[in-house]
Chemist: 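Once you've had a glance at the structure underneath, I'll fire off some questions.
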Protein chains: 2
Amino acid sequence: MEHCGRLFCTPLTDRPSNQIGAAMDSSRLPANARLLPCELCPLRPRPALREFSPEELAFVKSFKVDELRVAAGTNFLRERTQSEHLYTVLSGWAFRYKLLDDGRRQILNYAIPADMLGLQGAIMKEMEHSVDALTPMALCVFPRTRLWDLYSRFPSLAFDITWLAAREEQHIDENLLSLGRRSALERLAYLLLHLFARAEEVGLTQNRSVQFPFTQQHLADSLGMSLVHTNRTVQRLLATKIVRWNNRVFEVVDRDELAVLAGDEAQPRVPRPFI
Amino acid sequence: MEHCGRLFCTPLTDRPSNQIGAAMDSSRLPANARLLPCELCPLRPRPALREFSPEELAFVKSFKVDELRVAAGTNFLRERTQSEHLYTVLSGWAFRYKLLDDGRRQILNYAIPADMLGLQGAIMKEMEHSVDALTPMALCVFPRTRLWDLYSRFPSLAFDITWLAAREEQHIDENLLSLGRRSALERLAYLLLHLFARAEEVGLTQNRSVQFPFTQQHLADSLGMSLVHTNRTVQRLLATKIVRWNNRVFEVVDRDELAVLAGDEAQPRVPRPFI
DNA sequence: CCACGGCATTCAAATTTGATATAGCGCATC
DNA sequence: GATGCGCTATATCAAATTTGAATGCCGTGG
């Protein structure tokens with residue numbers, strides 16, 4: 001299973017039990033009852049997220065028509081498809097990726113709680129990437145049919161959606177800079193630091209450590225390197241003692257040093273929208 | 001000037017006469033008179049662009065407060081800056097890029113007529129990339145202060161802006177796939193084919209050829225490769241006879257073959273918004 | 001005429017890959 | 001409770017890709 005960047009390495013998509021249909025069935029029966037109401041959303045109070053007016057909150061609550069729970073490995077948004085829904089991650093990790101015909105895979109970005117998924121599929125003709133769950137997830141489900149309603153009645157929320165799209169673009173821009181111009185070690189340091197910072201924003205960290213759910217193969221497919229080289233680079237990073245990483249627990253020992261390695265000017269964060 | 005990916009190679013940013021201030025002065029004096037009215041916009045009639053309702057057209061016309069002309073090489077949007085304006089390219093080419101501290105440069109994408117620039121700077125705290133003109137350009141200038149007005153009164157245009165942001169993201173996603181997982185030759189073929197296709201959309205092509213304004217150094221900085229390797233790869237591509245490229249004129253001899261090389265499933269285009 | 005920017009080419013050196021092998025762990029099954 | 005399987009992590013090594021430095025050529029514009 002060493003074919004770096006090949007789909008074959010992690011053929012989760014092949015398991016019929018992990019298809020979207022099956023996943024939805026399991027959460028469909030009680031329909032509306034078990035929905036977490038938006039006013040009790042555990043994410044909303046986070047300081048990193050902007051507050052809502054009561055009207056906005058009421059609208060979003062009505063906009064949310066379902067809550068989807070998927071198992072780790074589920075492929076719940078598919079390339080070349082127009083998805084009927086827009087999602088916000090409530091809990092769990094996912095990753096966006098693209099495939100080449102021969103199975104080479106490039107991971108574009110990771111999604112964590114408070115991130116929106118499926119906007120492309122809702123707004124354009126079709127998605128040009130797929131999304132897989134990396135852990136069990138809970139997702140708020142919004143129907144694309146009411147997106148127009150949102151744009152008409154709540155320009156503030158429309159603005160937020162554009163903001164989120166622009167932010168996602170910034171993330172990929174950074175990533176493109178990494179792949180194009182950073183060395184393997186810088187690239188790795190940058191990715192890990194940024195995932196850590198984003199996880200921190202939504203309260204996924206304790207002290208200086210996070211539970212990272214991905215394997216080195218995911219890392220390799222994110223960094224545009226082979227598994228072998230990724231492994232060596234991880235070893236090299238660990239040898240610096242700047243970070244620790246055992247089992248799936250990642251710990252930042254010296255954040256400043258890591259930032260230097262990553263060639264990253266830590267930018268001050270402002271409260272971000274979240275729908 | 002061989003330091004691949006270094007700013008020093010094309011130190012246009014250093015010429016004081018090319019700064020934004022100077023550029024704006026030269027087009028400031030007659031203020032409003034020489035503005036091309038939106039109803040006469042040469043781009044609007046293009047089949048690739050979606051039509052406007054009369055109301056939309058009237059609003060956009062009032063939204064456009066100026067027309068900026070910049071010389072080739074002008075750096076008119078700057079990283080770490082919040083721009084006061086939003087631009088649409090009327091004519092000419094530009095490129096978006098990011099720099100690392102030591103001058104390594106990654107070109108993120110190119111902008112051609114009908115593309116929007118500066119959205120990040122208008123919507124978020126600040127831009128995280130810069131934009132330079134590659135040729136002399138004309139740009140429609142929209143004030144960010146009225147963006148909120150647009151979102152409140154014209155949800156359809158707000159939707160278009162989100163659409164454009166999502167599309168830009170798709171382009172970068174593709175690029176990320178290239179840098180991460182395509183070989184040097186595939187990468188080059190993909191970039192050239194896609195620039196050709198985009199140019200075609202807005203009528204920049206004649207038969208099977210375009211005037212490409214960039215140098216091999218730009219190409220190298222787009223593809224995340226060194227100048228040397230880029231040059232060799234260009235030679236290799238030319239040797240296949242699939243394309244021709246003399247002076248700055250690029251000609252696609254066998255488009256299907258080029259698409260195969262690029263590993264690209266040519267997707268049917270739908271009319272896109274344009275503001 | 002000369003300087004300079006862009007393109008082409010060479011070569012040794014560094015980075016990165018692919019193939020392959022081994023070991024540990026968790027999990028389902030017998 | 002032992003066994004086997006799949007997935008993950010680690011390691012090694014020869015081969016391929018990619019780089020950096022250097023050099024020459026050519027056309028354009030002061």
Side-chain angles (χ1 to χ4, degrees), chain A residues 1-15 17-18 71-73 102-105 132 134-135 178-188 212-221 223-239 244-250, chain B residues 1-12 14-15 72-73 102-105 134-135 178-188 211-221 223-239 244-250:
Chain A
M1 58 113 235
E2 242 59 8
H3 322 76
C4 143
R6 310 275 155 162
L7 178 58
F8 328 132
C9 305
T10 49
L12 299 163
T13 6
D14 297 333
R15 303 194 204 153
S17 67
N18 269 337
D102 59 1
R104 281 175 287 180
R105 177 175 78 174
D132 278 13
L134 209 42
T135 66
S178 267
L179 292 221
R181 290 300 180 214
R182 280 196 246 251
S183 73
L185 188 59
E186 293 171 331
R187 230 182 277 185
L188 176 64
F212 275 160
F214 39 75
T215 68
Q216 292 194 2
Q217 180 66 65
H218 290 117
L219 225 41
D221 285 351
L223 298 172
M225 315 192 306
S226 68
L227 180 60
V228 188
H229 195 52
T230 301
N231 181 271
R232 195 202 329 274
T233 308
V234 168
Q235 300 312 317
R236 200 142 55 97
L237 180 60
L238 292 178
R244 274 196 279 262
W245 199 357
N246 295 310
N247 301 48
R248 293 279 160 91
V249 179
F250 176 80
Chain B
M1 57 112 234
E2 242 57 8
H3 324 76
C4 142
R6 310 276 153 162
L7 177 57
F8 328 131
C9 306
T10 48
L12 299 162
D14 297 333
R15 302 192 206 152
D102 60 0
R104 282 175 287 179
R105 177 175 77 175
L134 210 41
T135 65
S178 268
L179 293 220
R181 290 301 180 215
R182 281 195 247 251
S183 72
L185 188 59
E186 292 170 332
R187 228 181 282 184
L188 176 64
Q211 175 87 8
F212 275 159
F214 39 77
T215 68
Q216 292 194 359
Q217 180 65 66
H218 290 116
L219 224 42
D221 286 350
L223 299 173
M225 312 191 310
S226 68
L227 180 60
V228 188
H229 195 52
T230 300
N231 181 273
R232 195 201 330 272
T233 308
V234 168
Q235 300 314 316
R236 201 141 55 96
L237 179 60
L238 292 178
R244 273 196 279 262
W245 199 356
N246 296 310
N247 299 54
R248 292 280 160 91
V249 179
F250 176 79

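Keep in mind that the numbers below use all heavy atoms, side chains included, and drop hydrogens, waters and symmetry copies. Being a predicted model, the structure only gives us computed values, none of them experimental. A note on names: the letters A, B, ... follow the listed sequences, proteins ahead of strands, and every chain is numbered from 1.
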Chemist: Which whole-number value in Å describes the distance from A:Trp245 CH2 to D:dT8 P?
Modeler: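 These atoms are roughly 13 Å apart.
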Chemist: Ignoring the backbone of B:Thr215, work out which of C:dC7, C:dG18, D:dT8 is nearest its side chain.
Modeler: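 So the side chain of B:Thr215 is nearest to C:dC7.
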Chemist: Is a side-chain donor or acceptor of B:Arg187 paired with a backbone partner of B:Arg182 at a separation under 3.5 angstrom?
Modeler: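 Side chain of B:Arg187 to backbone of B:Arg182: a pair is present.
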Chemist: In whole angstroms, how far is the P atom of D:dT17 from the CZ atom of B:Arg187?
Modeler: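 In whole Å, D:dT17 P and B:Arg187 CZ are 13 Å from each other.
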Chemist: Taking atom C1' of C:dT16 as reference, at what distance in whole Å does atom CG of A:Asn231 sit?
Modeler: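 Result: 14 Å.
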Chemist: What is the separation between atom NE2 on A:His218 and atom P on D:dT8, rounded to the nearest whole Å?
Modeler: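 After rounding, the reported distance stands at 7 Å.
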Chemist: Measure CG/A:Leu223 against C1'/C:dT15 and give the value in whole Å, please.
Modeler: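 About 15 Å, once rounded to whole Å.
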Chemist: For C:dG6, take OP1 and OP2 only and decide whether either is under 4.0 Å from a side-chain N or O of B:Gln217.
Modeler: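 So the side-chain polar atoms of B:Gln217 never come under 4.0 Å of the phosphate oxygens OP1 or OP2 of C:dG6.
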Chemist: Over how many whole Å does the gap from A:His229 atom NE2 to D:dT12 atom P extend?
Modeler: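 Checked: the NE2 to P distance equals 16 Å.
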Chemist: May I have the distance from B:Leu227 (atom CG) to C:dA8 (atom C1'), rounded to whole angstrom?
Modeler: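 Checked: the CG to C1' distance equals 10 Å.
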Chemist: Sub-3.5 Å donor-acceptor pair from the side chain of B:Arg181 to the main-chain atoms of A:Arg104, do we have one?
Modeler: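 Not a single qualifying donor-acceptor pair exists.
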Chemist: Could you state the atom-to-atom distance from CZ of A:Arg181 to C1' of C:dT15 in whole Å?
Modeler: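 Whole-Å distance recorded here is 15 Å.
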Chemist: Reckon B:Gln216 has a side-chain N or O less than 4.0 Å from the OP1 or OP2 of C:dA8?
Modeler: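 Yes.
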Chemist: Can you tell if the side chain of A:Arg244 reaches within under 4.5 Å of the side chain of A:Leu238, non-hydrogen atoms only?
Modeler: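 No, side chains not in contact.
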Chemist: For the side chain of A:Arg232, counting heavy atoms from C-beta on, which of C:dT17, C:dT10, C:dG6 is nearest?
Modeler: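 Output: C:dT17.
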Chemist: Please check this pair: side chain of A:His218 against backbone of A:Thr215, looking for a donor-acceptor N/O pair closer than 3.5 Å.
Modeler: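 Side chain of A:His218 to backbone of A:Thr215: a pair is present.
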